[in-house]
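Below is one structure, written out as structure tokens; comments come after it.
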Protein chains: 8
Amino acid sequence: MNKQELTKLLQSVKNGKTNVETALNRLKHLPFEDVVYANIDHHRHLRHGMPEVIYCEGKTIEQIAGIAKRMLAQKSDVLATRASEKAYAAVRKLDRRAVYHKNSRAIVVRHNENKTPTKGVVLVVTAGTSDIPVAEEAAVTAEMLGSAVQTVYDVGVAGIHRVLSKRDVLDAARVIVVVAGMDGALPSVVGGLVDKPIIAVPTSVGYGAGFSGLAPLLTMLNSCAAGVAVMNIDNGFGAGVLAHRINLLGEKP
Amino acid sequence: MNKQELTKLLQSVKNGKTNVETALNRLKHLPFEDVVYANIDHHRHLRHGMPEVIYCEGKTIEQIAGIAKRMLAQKSDVLATRASEKAYAAVRKLDRRAVYHKNSRAIVVRHNENKTPTKGVVLVVTAGTSDIPVAEEAAVTAEMLGSAVQTVYDVGVAGIHRVLSKRDVLDAARVIVVVAGMDGALPSVVGGLVDKPIIAVPTSVGYGAGFSGLAPLLTMLNSCAAGVAVMNIDNGFGAGVLAHRINLLGEKP
Amino acid sequence: MNKQELTKLLQSVKNGKTNVETALNRLKHLPFEDVVYANIDHHRHLRHGMPEVIYCEGKTIEQIAGIAKRMLAQKSDVLATRASEKAYAAVRKLDRRAVYHKNSRAIVVRHNENKTPTKGVVLVVTAGTSDIPVAEEAAVTAEMLGSAVQTVYDVGVAGIHRVLSKRDVLDAARVIVVVAGMDGALPSVVGGLVDKPIIAVPTSVGYGAGFSGLAPLLTMLNSCAAGVAVMNIDNGFGAGVLAHRINLLGEKP
Amino acid sequence: MNKQELTKLLQSVKNGKTNVETALNRLKHLPFEDVVYANIDHHRHLRHGMPEVIYCEGKTIEQIAGIAKRMLAQKSDVLATRASEKAYAAVRKLDRRAVYHKNSRAIVVRHNENKTPTKGVVLVVTAGTSDIPVAEEAAVTAEMLGSAVQTVYDVGVAGIHRVLSKRDVLDAARVIVVVAGMDGALPSVVGGLVDKPIIAVPTSVGYGAGFSGLAPLLTMLNSCAAGVAVMNIDNGFGAGVLAHRINLLGEKP
Amino acid sequence: MNKQELTKLLQSVKNGKTNVETALNRLKHLPFEDVVYANIDHHRHLRHGMPEVIYCEGKTIEQIAGIAKRMLAQKSDVLATRASEKAYAAVRKLDRRAVYHKNSRAIVVRHNENKTPTKGVVLVVTAGTSDIPVAEEAAVTAEMLGSAVQTVYDVGVAGIHRVLSKRDVLDAARVIVVVAGMDGALPSVVGGLVDKPIIAVPTSVGYGAGFSGLAPLLTMLNSCAAGVAVMNIDNGFGAGVLAHRINLLGEKP
Amino acid sequence: MNKQELTKLLQSVKNGKTNVETALNRLKHLPFEDVVYANIDHHRHLRHGMPEVIYCEGKTIEQIAGIAKRMLAQKSDVLATRASEKAYAAVRKLDRRAVYHKNSRAIVVRHNENKTPTKGVVLVVTAGTSDIPVAEEAAVTAEMLGSAVQTVYDVGVAGIHRVLSKRDVLDAARVIVVVAGMDGALPSVVGGLVDKPIIAVPTSVGYGAGFSGLAPLLTMLNSCAAGVAVMNIDNGFGAGVLAHRINLLGEKP
Amino acid sequence: MNKQELTKLLQSVKNGKTNVETALNRLKHLPFEDVVYANIDHHRHLRHGMPEVIYCEGKTIEQIAGIAKRMLAQKSDVLATRASEKAYAAVRKLDRRAVYHKNSRAIVVRHNENKTPTKGVVLVVTAGTSDIPVAEEAAVTAEMLGSAVQTVYDVGVAGIHRVLSKRDVLDAARVIVVVAGMDGALPSVVGGLVDKPIIAVPTSVGYGAGFSGLAPLLTMLNSCAAGVAVMNIDNGFGAGVLAHRINLLGEKP
Amino acid sequence: MNKQELTKLLQSVKNGKTNVETALNRLKHLPFEDVVYANIDHHRHLRHGMPEVIYCEGKTIEQIAGIAKRMLAQKSDVLATRASEKAYAAVRKLDRRAVYHKNSRAIVVRHNENKTPTKGVVLVVTAGTSDIPVAEEAAVTAEMLGSAVQTVYDVGVAGIHRVLSKRDVLDAARVIVVVAGMDGALPSVVGGLVDKPIIAVPTSVGYGAGFSGLAPLLTMLNSCAAGVAVMNIDNGFGAGVLAHRINLLGEKP
């Protein structure tokens with residue numbers, strides 16, 4: 001039941017065409033339709049600040065292109081994560097502005113590339129070079145949503161001076177995403193250096209007893225630095241979304 | 001080497017009492033002392049906004065009281081988590097203002113209880129009544145750090161109307177801590193209703209294949225709602241710290 | 001917003017006291033309140049066939065008694081699972097009809113003990129004698145909800161003739177709950193003997209590589225008999241609820 | 001020993017041709033042969049309502065075709081699950097009526113496609129689009145066995161209005177199969193909305209700490225909604241069988 | 001239906017008192033009763049060589065004493081494993097011959113203590129002194145069943161000469177039970193020294209990454225010595241039964 | 001130091017050519033050489049009854065052929081497990097008598113194919129058809145070592161009559177290898193039917209929560225039938241060796 | 001067979017009293033006795049530098065005192081780990097010099113307390129104060145064996161300046177034992193600061209997803225610093241032994 | 001800030017060109033730059049004894065060649081682990097001296113191949129032939145770093161005489177790396193034979209319940225021989241680095 005229908009019903013009650021009993025019965029089933037309605041509204045709002053996202057893993061090229069097409073028709077920006085080059089080719093056919101981020105395997109189509117990013121900076125840090133693809137997914141996502149993003153790569157704790165030398169950059173950020181595989185120790189160190197929100201992302205980088213990311217995941221959950229929050233293994237996208245949401249809080253007024 | 005010593009050294013170089021070579025050697029070992037120094041400074045800063053925290057698990061009553069005494073002497077507020085009633089009795093002997101939060105087993109001593117809390121609200125939500133102790137730990141921590149805190153308990157997804165009926169409260173909060181044991185499904189639902197930072201805390205509530213909190217932990221890490229970050233099992237304290245840090249971002253002028 | 005309020009609003013629109021615009025705005029926030037309302041209705045309905053349940057693990061005697069008191073005041077039957085003898089004593093003070101099932105640690109208070117049970121039978125079967133407490137929880141729950149319940153205990157597969165000799169009883173039931181610890185093999189055998197719904201409940205009975213019920217849980221999930229559904233370890237209550245719901249389907253005219 | 005042999009033996013005792021001692025000895029070994037006999041009877045019965053099933057994983061094309069051929073010769077319907085297109089080609093050579101369900105990789109051959117389905121509806125619900133293949137396996141299976149089947153896809157809890165808007169469909173079903181990967185939270189929500197038997201099927205959809213379906217499996221086993229039963233990861237077939245068996249209970253008279 | 005009843009039925013057929021049809025019907029349900037009957041027979045046979053066993057874990061003193069009493073009345077030997085001293089006191093009241101094996105917590109009552117043991121020897125070997133209770137359970141069990149048993153304790157692989165110096169004893173045994181916790185390496189070494197059946201029993205002895213016996217269990221399952229079979233963690237009883245069964249094969253004329 | 005050398009040394013002492021001191025020193029290092037010596041002797045003995053075994057997994061065709069060549073030169077029988085067809089082709093080039101067992105991927109070369117097998121029978125039983133390759137590895141191994149082997153396939157517990165109908169075969173065997181994947185329940189049933197040594201082999205057959213054989217492994221370790229021993233997942237070879245060793249005990253005069 | 005016996009045998013051969021054949025036979029079984037002999041010799045050697053160790057977990061006070069008594073009689077130093085105060089009282093009765101290390105629960109009795117320790121230093125570092133007991137076990141063990149030991153406690157990575165400020169101490173050590181629970185990140189940082197052997201010891205300090213030390217264990221095994229070796233959870237004793245052995249290498253002239 | 005800059009600053013203070021305040025401010029940010037500086041120094045030192053290492057897993061051929069080129073330009077030796085033949089070809093194009101170790105997949109380029117290795121020997125031992133690649137990685141690494149390396153392969157505990165016969169070699173080494181898959185028992189035996197530092201490396205060799213190296217990892221962590229340290233699964237490189245570091249301690253004058 002959308003707004004028009006609801007208005008009609010109420011007017012019909014007002015006019016005496018529909019009695020209270022009947023209206024009551026129809027309204028009893030309203031909630032969920034109304035929720036749909038509210039949600040659509042909500043979606044519209046979101047579309048202004050945040051594009052819909054296509055998670056490509058397990059979708060065919062046709063499905064990806066199909067969804068992208070519908071979104072572009074609605075003037076929505078497009079973010080497609082874990083996309084193959086073939087998926088990119090298909091999207092690019094739809095819109096020449098499509099950009100492919102090879103490292104993170106993300107496709108981005110923006111209708112207005114000149115939008116001013118946030119003043120606050122989302123900083124994305126990695127422990128090693130192999131963690132970069134996940135980091136880039138976070139960076140591309142946050143950027144797409146409107147955040148200013150900065151990156152610092154390969155500053156793992158086995159060469160502790162590397163992260164220490166970046167203290168200025170850490171201090172300047174509003175929220176920090178720390179991406180690490182293997183021992184996953186970097187978020188604990190960064191979390192001890194600054195007092196900002198830290199989002200830790202374990203990666204599947206490593207071998208043997210790394211158990212495809214379980215080791216850094218557990219490390220991060222047990223971080224001795226207070227206030228470190230953890231994402232799923234390799235979930236750069238989720239980190240980007242959360243970082244942007246936190247970043248936005250500082251932008252208000 | 002603190003500021004005074006460093007100044008002295010530099011003046012001694014200036015006066016020619018110490019030659020460049022000797023100063024160079026002394027400065028070579030400076031960094032870490034300097035880091036210590038900076039850290040002390042940082043600590044002093046933190047002490048204004050955020051008290052030190054005593055994690056009581058595995059500490060004796062004497063140790064807890066000893067640390068609390070030293071903190072109180074420095075006019076620092078005190079937060080002691082996972083504290084027994086005995087620990088409380090010992091702290092209360094030191095300071096009559098000590099308050100014991102039975103549910104969360106937290107001791108709090110505040111020097112100025114009339115400080116204005118933040119405008120932004122940290123909302124703490126639980127799925128069940130058994131999750132309340134962990135939620136209270138988060139609430140007490142965030143409150144102690146200066147945040148305005150609101151709580152909504154027992155709105156688990158098996159009675160979905162309960163959380164839906166609290167949508168106004170969800171909408172009014174700046175950051176939301178969602179605490180859940182058993183199936184840990186609540187953060188996914190809340191994360192789908194609002195677009196704010198969500199901090200999910202799994203609890204060890206449950207039995208059998210709940211594996212002491214592993215089940216809700218995995219649920220939350222795999223949340224189908226984007227941007228949900230996860231804490232260690234039963235880590236209400238960490239959630240409180242992170243929620244406060246995020247909340248503060250919105251307070252800045 | 002309950003039925004009365006909604007009626008009042010509609011009448012106010014009818015009478016022209018409230019204009020359509022205003023009513024529209026109030027109704028926009030209706031859904032969740034309406035869900036609450038619907039849910040209360042639903043609850044009332046449930047209360048006829050099915051009592052509310054108090055899961056006592058982690059609740060104080062006072063809490064248990066408090067909830068029971070409120071339920072009894074509403075003429076609701078009471079089922080309290082995993083209850084201690086102390087909890088029983090407290091409930092018995094409230095109502096002399098309270099019965100304590102020692103094996104399953106369940107408290108039951110029924111307002112009308114002479115209600116006719118279902119024609120269809122819920123059969124509860126165990127592999128060993130140590131599985132009986134979990135089985136009894138299932139039995140007490142289904143019985144409380146109105147099902148006729150029958151039990152067959154200690155017919156594990158290591159003495160296969162035991163379950164084979166009960167084939168008549170298996171054939172006579174409408175739905176079968178199979179409770180087993182250790183190797184958890186019984187549901188596969190029972191599932192191969194009959195073509196009815198089988199609900200398998202693993203128990204924490206066993207030691208070593210039984211890993212507190214993990215072994216029978218995995219066995220049951222991998223049952224080579226088609227159509228066996230599995231509950232959480234030691235979850236007799238859940239099995240009782242599901243068995244009753246399935247059983248009811250066969251009762252309908 | 002089949003019925004004829006047994007009759008002969010008894011007549012031979014009656015006629016005095018076989019003495020009691022000898023008959024006793026022969027009967028001592030009867031049971032298991034008799035079980036075979038009973039079982040064959042049972043099989044015959046099953047064949048009327050329910051086709052045999054070929055689980056293709058790990059079988060060669062020749063083996064699959066061989067079994068299908070034997071079944072078709074016996075006028076049995078054929079259901080082959082997890083079948084490749086090659087397997088389909090081979091079965092289609094045997095019988096032109098063979099249908100291949102691409103999504104669920106199921107082959108179906110029905111001798112009488114016009115059989116009236118049950119009045120009661122098996123509803124199959126998924127949280128995401130990637131869960132559809134498993135859902136289709138459940139749907140195809142239940143349908144093949146004679147159930148009327150309805151499906152609702154992509155109504156995961158992160159957009160809670162989606163499942164809420166389907167409440168009518170949920171209310172109209174007799175038994176509901178809920179298929180979900182990632183956080184596996186949907187069965188808890190559905191289980192809280194209706195009071196019917198819920199069969200939850202975790203899928204291997206997800207990544208990282210989803211551990212190939214372990215996460216949703218644990219979520220479902222720990223569901224805070226009472227009476228949710230769980231199948232093995234990706235086991236749509238088993239869910240279809242159980243749902244049909246439950247559905248049939250409501251069909252009687 | 002026991003032997004007497006069956007005889008009676010057959011004679012009744014012979015005498016013409018019961019017709020073939022009626023007898024057929026009664027026999028149709030015989031199998032399982034007959035299995036019971038055969039089983040009782042089997043039990044009687046077993047009782048000569050092998051006593052029934054009471055697994056005391058989770059049984060009350062009353063239950064243990066009750067079962068023992070019934071067994072003693074039938075002149076059956078009694079073996080009660082994992083029994084407390086209190087259980088022993090209760091059994092001893094029933095029969096003065098009851099012996100309590102403190103290490104293995106086993107109670108034994110034998111009616112004829114002078115029975116000649118087997119010629120073949122069951123050798124029970126442990127890696128450490130803490131593994132002795134489990135080893136003694138195996139030894140007491142095999143001995144009770146009639147096997148000659150020999151033990152060699154504390155010959156773990158970290159002092160490899162210890163087990164090497166026992167080579168004569170290893171060579172003289174017919175079957176060897178090897179009990180080890182911690183690294184569980186002993187069965188691999190023993191399995192390489194002799195070509196007899198080796199039964200490996202992991203124990204929960206150890207700490208940390210021993211995970212209550214998981215480490216030695218995995219070690220033994222992966223033994224590089226061919227032909228080592230493994231029991232559940234701490235399952236001395238099972239090892240004793242299997243060792244005795246294997247040992248008996250060599251006794252046969 | 002072999003026998004000849006040792007004799008020479010002793011004679012040299014006897015003759016006074018070597019003094020006691022010198023001999024003592026040489027003998028001090030004897031043990032391990034002597035162990036080698038003893039072991040060689042042992043190997044020679046084994047070679048009569050039992051061929052060396054080539055585990056092909058991870059070996060190149062050249063390595064496999066190389067080892068086989070050396071063995072054949074020594075008139076040793078050859079058993080190569082987990083061998084590819086290519087490996088077979090290479091071995092067949094060396095010896096025309098080479099036989100390839102496709103199911104179990106085993107290559108066998110026997111110098112005397114007419115050797116009388118044991119009187120006692122090793123029975124190999126499987127729950128399903130997919131378990132056959134592992135079963136065949138056990139069968140081929142035991143046969144190669146000299147045992148008479150019999151097989152019974154596809155008698156899993158979901159159709160319990162199948163295994164019950166084979167009771168005669170079970171009763172006639174001396175030792176039984178039970179191979180099962182999925183729920184791994186068959187060994188418990190077989191172990192309850194007979195009182196012989198049972199060797200249970202879990203297979204990686206299954207999916208989802210079967211976790212590549214972990215489920216049946218745990219089932220078997222927790223078997224409620226006493227005296228069931230367990231091998232590593234898919235370890236048919238080990239089961240064949242152990243079964244043969246146990247079988248041999250009954251052959252002895 | 002010890003040296004004396006061996007000499008006697010050889011002289012007997014020399015004198016012609018024993019012929020070569022007989023000697024050969026006796027020597028054939030020598031190896032293992034000789035291994036024992038060699039081992040005893042080895043033990044004697046060890047006893048000079050390294051005391052035997054009594055692991056008290058699971059031993060009775062009597063057993064502990066009994067072993068200690070025998071050792072003291074042989075003038076051996078005594079180290080008893082994981083000892084209770086009661087065990088200490090019992091040992092102290094035997095020898096007044098017994099010292100009890102409360103933190104590490106270790107008992108030490110040294111015959112000569114004035115022995116000069118090594119020049120090289122074993123440094124034991126902890127991340128937190130709760131890790132100290134495990135660290136002390138390592139320290140007491142290494143010290144007892146003769147190493148100079150230094151300790152640095154509570155320098156976890158969440159306050160990175162703490163460990164950085166100890167760089168001089170790290171540089172001065174010959175081998176470093178790093179003890180950490182929770183995230184177990186400290187060894188990676190220390191391993192990146194120095195190029196000496198690092199022995200990492202995970203502790204069971206932590207909660208929730210720390211899984212009793214599994215988290216820091218995995219962190220350490222996956223350390224991004226090359227050359228970090230790991231001990232079992234809480235195994236301070238093993239770390240002490242290894243550290244001492246490595247330390248000794250640098251002492252050699 | 002490097003040495004030159006620091007000297008310049010100090011001289012500027014000395015000359016009065018920079019006042020104390022200004023210098024103080026600049027020095028406040030010095031630490032981390034200074035750490036960098038120290039680290040560079042450290043790197044330079046390392047480069048003499050130890051080449052940088054390229055971990056090739058997950059790097060492109062271009063990246064590997066690029067890093068190698070930069071290193072060769074700096075006259076640094078090159079070690080590239082887990083390298084493909086293609087990577088070798090690329091490196092070989094850069095420098096003809098490049099050597100490819102096929103077994104361990106390591107590329108080595110040494111500028112001076114005639115450097116004298118250490119006097120002390122790093123001994124690398126394997127249990128089986130399949131463990132050799134990991135062992136070779138350790139050997140190549142230690143050798144590259146300057147250690148004399150010796151290897152003993154295929155001496156697993158199932159043929160215990162094999163390792164016993166190598167006792168002289170074990171005794172002659174300064175530090176021993178023991179590499180084993182499957183049951184991982186060898187380090188315990190070797191650790192009991194010698195009193196030197198033992199580095200245990202589990203390999204992923206095995207199947208089924210070996211869980212890709214988890215089984216030998218746990219075995220080694222629980223070794224009953226004191227002082228065995230453990231590396232990550234298949235981490236030959238780490239073992240080589242640690243062994244070399246320990247070995248060097250014995251080289252010092």
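Chain letters run A, B, ... following the sequence lines, proteins first and then strands; every chain starts at 1. Nothing here was measured: the structure is a model prediction, and the numbers come from that model.
- Interface check for chain H: of the options G/Ile199, G/Thr141, G/Ile198, G/Val228, the most heavy-atom pairs under 4.5 Å are formed by G/Val228.
- Here the NZ-CG distance, from G/Lys196 to H/Leu242, works out to 14.0 Å after rounding to the nearest 0.5 Å.
- Within residues 209-225 of chain H, the residues having any heavy atom closer than 4.5 Å to a heavy atom of chain G are H/Leu217, H/Leu221, H/Asn222, listed by residue number.
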Item to complete: Start with the C-alpha distance between G/Arg245 and H/Asp195, add both sets of side-chain angles, then the distance that settles side chain to side chain contact (heavy atoms under 4.5 Å, CB included), and finish with yes or no.
Response: CA-CA 7 Å; G/Arg245 285 186 183 173; H/Asp195 60 349; 4.1 Å; yes

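- The parts of H/Ile246 that come within reach of chain G are both its backbone and its side chain, each placing non-hydrogen atoms under 4.5 angstrom from that chain.
- Neither the backbone nor the side chain of H/Val175 has a heavy atom closer than 4.5 Å to any heavy atom of chain G.
- In plain terms, the two heavy atoms of H/Leu249 and G/Pro197 that are nearest each other are CD1-CG, 4.1 Å.
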